[in-house]
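Down below is the structure, laid out as structure tokens.
Positions are given from 1 along the sequence.
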Amino acid sequence: MQQPHEFPGSEHAPRGQGGTTRVLVVDDDPTVAEVVSGYLDRAGYQVDVAGDGHSALARAAAHWPDLVVLDLMLPGMDGLEVCRRIRARGPVPVIMLTARGDEGDRILGLEVGADDYVTKPFSPRELVLRVESVLRRTRPAGPAQPVHAAGVTVDPAARRATKNGTELSLTLREFDLLAFLLRNHGRAYSREELMREVWGWGFGDLSTVTVHVRRLRGKVEDDPARPRLIQTVWGVGYRFDAMPCEEAVRP
């Protein structure tokens, strides 16, 4: 039986060794892996390549990546399980590659913690732009003060969120979504607006927003089935409501 791979803790994870951002590309199709890694290399990224799930975990253990491009359909251990294991070990962004346009595949990928997805066949240039977009959101452009409401605190500089003092385990997009809604508490946003403001996309599958809201409710609400904080505004979208008699503190 194969021994489980040991991953470095996030505090030990080398972020961009030598000033270069490291991307792990995981795809069992050598042609796809070669093309994707070639485009990323030319864009200035340091690229590691793995052809299956076990190799991917070993690569991540040896050199913790800044981002993972992960094929859903892998031999043996599929991309969903690889994503689960990597996300369980540290906060690294994951872009999932899906061979089919099936909505169920995309939602499954998002449910296990993927931050974005690209459906095959895809433009390598578009993938590079997605990588840049995701990484840009992991590195805030400037200092931002923590925001607090209803027992929830988001610290953008530290990329840390807590509820009643207990740290929340959030993916990149979940953190960004919570931070945006918290900063703009009391205002309702449509899914299109959230996709533009949080994901930076002018278009895309709106189920991405729906899935992230559901996952976020599961982590911040006392009863996700009856949410009090992240409210659905029928016909509009979603709104973060501060608890009665509590004011949100913003800079």
>> Test: ring-ring contact (aromatic ring centres under 6.0 Å, His included). Region: residues 211-237. Which pairs qualify, not counting sequence neighbours?
In response: Trp199-His212
>> Is it the case that the side chain of Asp115 and the backbone of Leu172 share a donor-acceptor pair, with hydrogens and angles ignored and the cut-off at 3.5 Å?
In response: yes
>> My understanding is that only residues two or more places apart in sequence, or in another chain, count here; which of them pass salt bridge (Lys or Arg N to Asp or Glu O under 4.0 Å) with Asp48?
In response: Arg22
>> Once salt bridge (Lys or Arg N to Asp or Glu O under 4.0 Å) is applied, do any residues pair with Glu81, and if so which ones, sequence neighbours excluded?
In response: Arg84, Arg85
Quick check for you: to the nearest 0.5 Å, what is the distance between [X] atom [atom1] and [Y] atom [atom2]?
| X | Y | atom1 | atom2 | value |
| --- | --- | --- | --- | --- |
| Asp116 | Arg173 | CG | CZ | 5.5 Å |
| Leu229 | Leu181 | CG | CG | 10.5 Å |
| Leu97 | Tyr117 | CG | OH | 12.5 Å |
| Gln46 | Asp41 | CD | CG | 9.5 Å |

> Does the side-chain contact (heavy atoms from CB on, under 4.5 Å) test come out yes or no for Met73 and Lys120, once each step is laid out?
Replying inline: CA-CA 11 Å; Met73 303 298 292; Lys120 295 179 181 180; over 6 Å; no
side-chain contact (heavy atoms from CB on, under 4.5 Å) with [X]: which residues, sequence neighbours excluded?
| X | result |
| --- | --- |
| Pro75 | Asp28, Asp52 |
| Glu34 | none |
| Arg125 | Tyr39, Ser123 |
| Ala188 | Val233, Val236, Arg239 |

> Taking only residues two or more places apart in sequence, or in another chain, which ones meet Arg59 in a side chain to side chain donor-acceptor pair (under 3.5 Å)?
Replying inline: none
> What residues form a side chain to side chain donor-acceptor pair (under 3.5 Å) with Ser37, not counting sequence neighbours?
Replying inline: none
Which atom pair, heavy atoms only, marks the closest approach of [X] to [Y]?
| X | Y | value |
| --- | --- | --- |
| Pro146 | Pro156 | CA-CD, 4.1 Å |
| Val134 | Leu67 | CG1-CD1, 3.7 Å |
| Thr171 | Arg87 | CA-NH2, 3.1 Å |
| Cys83 | Val94 | SG-CG1, 4.1 Å |
| Thr119 | Phe122 | O-CB, 3.5 Å |

N/O donor to acceptor pairs below 3.5 angstrom from side-chain atoms of residues 160-170, sequence neighbours left out:
from	atom 1	to	atom 2	distance (Å)
Arg160	NE	Glu167	OE1	3.3
Lys163	NZ	Val220	O	2.5
Lys163	NZ	Asp222	OD1	2.8

>> Could you tell me if Thr210 and Arg191 have a donor-acceptor pair between their side chains, going purely by distance under 3.5 Å?
In response: yes
> Considering residues at least two apart in sequence or located in another chain, which fulfil the ring-ring contact (aromatic ring centres under 6.0 Å, His included) criterion with Tyr189?
Replying inline: Phe180
